[in-house]
Amino acid sequence: MSSTPSTHPPFIWGTRAAGLLLCVLSWRLGGWAFPGLAWGALSLLRVPRRGLLVELAIVSCLLLLVSPDGLPLVGAALSLLVIPLAPESHALNMNGVDRYFYLQDGPGTRMNSHHFVDVDAPLEREPLERAMSAVLKEVPLARSFVREAPLGILRFVAKRPWVDATRLLSWSELPVEAEDSRALDAPMDLRRLPPWRVIHAPRPEGGFRLCLTVHHSAVDGEGGLLLLDLLVRRYNELRAGAPLTARVPLHGGQRLRDQLRPRGLGWTLRMMRRHFSLGDTDKGASAVLADDASARPTHTRHHLLRIPAETWQRLKAVSTAQGVSRNDLLVGAVFRAADSLRQARGAPDLRFRAFVPTNLRAALGIPSGLGNYLGMLQVVARPEEIRSPGLERRLSESIRSMRVLEESVGFMVNMGLVTLMPPGMFRAALRKNDADPSMFNYSLLVSTIRQPEELALPEGVRTERVLVRGSLTGRPCIGVVIIHSGGEVHGVVEYLSPTMRDETVREFGDRWLAEVEQLASAPRVLPVAS
């Protein structure tokens, strides 16, 4: 197997040597050659790439204007000779959210999202490996890697797959939950491997699980489901010996500024002034669900939930009658379950502050595809609001008011500006915040996902459910991810151990299901919020 792109010595060392040679030549010439010295020194702090070598070659040639000999041509020639050694074909855009999730990944936090497909029988290994090889060839992002330097981060597409599909596939004899979820929580070194991997494993309750894990710096929830769909489609075709169907190219990531530019410079500057903040602007105490909030998280766990199809249909009738969505009802039930659990334990009354991820593609006018177009809606509810019959309507009005572009784009704008600082500085600030209990404290993460009707499912086996799991930071200790497809609704309560005990999470899940059933069985007339 060839050397991995991030450690490709000839290209990395050659780029640095070209920059150092420019410094030496400029220092020797002195005087008007000082800008060349500054440019060469700056190149040593920038991300090595082919474009940087072109810049070094041009600056070296400019030194001929003040050079009595042809030595600058040596620097230019070195730069041009190193270019063919680059293992990448081109760079991929990274927006602020991409950079944030890349830098957020650390010892206590894994920025991965997991897509589970639970089936009753094992998949076939050979067509699955071939399907992964097909995805590596078809999707540039699937064979990408990240290169980091003191002044920046860039993602590149390798000229060809450099990692064998078998290296990205784990055919496990243990469930993914075994050994403290080490298989799921294993770090992804994006400098040496692509941002995805696959685990095929048995389930504790019987059957098998296909798990596609994607790094959150590469795609959001929609992008992860698109990769899952492509992988399973290729598996079905290769298993059946059928030709691979032509697929519309997946829309890739774009910088936020490219999406905001058509709205005008004035509008963009107003959004920057409106949303930019170096820290959390709302530091009031929030309720948390934790058995030991001071414990250092060591691994993640999850608890599965299920809403029967009949209950889901009754919820539709209730939501229509009340003028809210079923999503509002589900989120309201999460608040009520969390509040009742704290009440049962005698915890003091505090507001709940939840984050609700939202897909911004529609608001930005972007077609379905890969990339990170994620907004984080902050939903706050006080205890008296949670215990009132008008909770769901208030939540509906609050969420709708934040889905307008001027509000929902805030997370992307802020991350785009904050992550422009040097990576080491931003990473250090994140670690400092993680260690400070007063920073960025919120109660819950609540995410609802609609499973695409055309999502491919493995053939030759019976699929029981599709699940999506995300990533949690130290605060909150708990997140709820709900996925529905028009029939049964499945959910995952994800939590950090040992900050939360398994029995606490099971109790929370039971309370949430009871709240959902009560909403479906005894619909209340929700008063209009004042």
Side-chain angles (χ1 to χ4, degrees), residues 108-110 177 180-181 185 280 282-307 329-357 376-388 391-392 395 433-448 467-482 491-519:
T109 304
R110 296 299 175 211
E177 301 87 350
D180 294 340
S181 301
D185 292 341
D280 186 11
D282 189 358
K283 297 182 181 179
S286 300
V288 294
L289 296 180
D291 295 302
D292 185 0
S294 62
R296 180 180 178 273
T298 57
H299 59 280
T300 64
R301 294 183 66 81
H302 62 260
H303 174 62
L304 304 185
L305 305 170
R306 172 182 168 272
I307 299 176
L329 298 178
L330 296 177
V331 175
V334 170
F335 277 107
R336 294 185 192 277
D339 181 62
S340 67
L341 181 58
R342 283 180 57 86
Q343 279 187 284
R345 301 192 170 195
D349 282 349
L350 292 172
R351 65 165 189 179
F352 279 84
R353 181 185 180 205
F355 275 104
V356 179
M376 298 291 281
L377 309 183
Q378 177 179 300
V379 181
V380 177
R382 296 183 295 273
E384 59 271 20
E385 294 173 332
I386 294 175
R387 298 162 195 168
S388 74
L391 171 65
E392 287 76 11
L395 288 176
N433 287 352
D434 289 344
D436 184 355
S438 66
M439 293 295 292
F440 206 61
N441 186 22
Y442 58 106
S443 311
L444 301 159
L445 180 72
V446 186
S447 179
T448 56
L467 300 166
V468 178
R469 257 198 58 186
S471 303
L472 291 172
T473 59
R475 294 171 305 279
C477 308
I478 188 170
V480 181
V481 184
I482 304 159
V492 179
V493 183
E494 48 189 357
Y495 57 104
L496 298 173
S497 183
T499 57
M500 294 195 69
R501 296 193 299 265
D502 297 351
E503 53 268 27
T504 301
V505 176
R506 285 194 294 268
E507 181 181 355
F508 169 78
D510 292 342
R511 289 177 181 269
W512 181 69
L513 292 174
E515 291 288 346
V516 172
E517 184 60 37
Q518 182 177 353
L519 283 170

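What you see below is based on every heavy atom in this structure, not just the backbone, and it leaves out hydrogens, waters and symmetry mates. Owing to the predicted nature of the structure, the values given are computational and were not obtained by experimental measurement.
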Report task. Compare all side-chain heavy atoms of D291 with those of R345 and state whether any distance is below 4.5 angstrom. Result ->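 They are in side-chain contact.
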Requested in this report: Please tell me if the side chains of M376 and L445 come closer than 4.5 Å, counting only heavy atoms from C-beta onward.
Outcome: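 Counting from C-beta outward, M376 and L445 do come under 4.5 Å.
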To the nearest 0.5 Å, tell me how far [X] [atom1] sits from [Y] [atom2].
X	Y	atom1	atom2	answer
W512	L305	CH2	CG	5.5 Å
F335	R351	CZ	CZ	11.0 Å
D339	R387	CG	CZ	4.0 Å
D502	H302	CG	NE2	11.0 Å
E494	L467	CD	CG	11.0 Å
L329	T448	CG	OG1	11.5 Å

Requested in this report: Take V468 and V492 through the side-chain contact (heavy atoms from CB on, under 4.5 Å) test and state the conclusion after the steps.
Outcome: CA-CA 7 Å; V468 178; V492 179; over 6 Å; no
Salt bridge (Lys or Arg N to Asp or Glu O under 4.0 Å) partners of [X], counting only residues at least two apart:
X	answer
R342	none
D180	none
R306	E488

At their closest point, which heavy atom of [X] faces which heavy atom of [Y], and how far apart are they?
X	Y	value
E515	A333	CB-CB, 3.9 Å
A287	L350	N-CB, 3.8 Å
A295	T499	O-CG2, 3.4 Å

Query raised in the report: Is it true that E507 and R501 have a side-chain N and a carboxylate O under 4.0 angstrom from each other?
Result: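 Salt bridge: no.
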**Report entry** All ring pair (Phe, Tyr, Trp, His ring centres under 6.0 Å) counterparts of H303, not counting sequence neighbours
**Finding:**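 Not a single residue meets the ring pair (Phe, Tyr, Trp, His ring centres under 6.0 Å) criterion with H303.
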Side chain of [X], backbone of [Y]: donor and acceptor closer than 3.5 Å?
X	Y	answer
S181	H299	no
S497	T298	no
R511	A338	no
D292	P498	no

Query raised in the report: In terms of side-chain heavy atoms, does S443 have a donor or acceptor partner in R353 at a distance below 3.5 Å?
Result: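 Looking only at side-chain atoms, R353 and S443 do not form any donor-acceptor pair under 3.5 Å.
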Query raised in the report: Name the one of V446, L391, L444, I482 that satisfies side-chain contact (heavy atoms from CB on, under 4.5 Å) with V331?
Result: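 Between V331 and the candidates, side-chain contact (heavy atoms from CB on, under 4.5 Å) is satisfied uniquely by V446.
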Query raised in the report: Any chance CZ of R296 has more than 12 other-residue heavy atoms, nucleotides or ligands included, within less than 6.0 Å?
Result: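 Open: at most 12 neighbouring heavy atoms sit under 6.0 Å from CZ of R296.
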Requested in this report: Report the C-alpha separation of T504 and L341 in whole Å, then their side-chain angles, then the decisive distance to 0.1 Å, and conclude whether the side-chain contact (heavy atoms from CB on, under 4.5 Å) test is met.
Outcome: CA-CA 9 Å; T504 301; L341 181 58; 4.2 Å; yes
Query raised in the report: Which residues pass the side chain to side chain donor-acceptor pair (under 3.5 Å) test with D510, sequence neighbours left out?
Result: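 With sequence neighbours excluded, D510 shows a side chain to side chain donor-acceptor pair (under 3.5 Å) to no residue whatsoever.
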Query raised in the report: Mind checking what makes side chain to side chain donor-acceptor pair (under 3.5 Å) contact with R506, not counting sequence neighbours?
Result: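 With neighbours one apart ignored, the set is empty.
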Requested in this report: Apply side-chain contact (heavy atoms from CB on, under 4.5 Å) to the pair T300 and R469, showing each step before the final yes or no.
Outcome: CA-CA 11 Å; T300 64; R469 257 198 58 186; 2.9 Å; yes
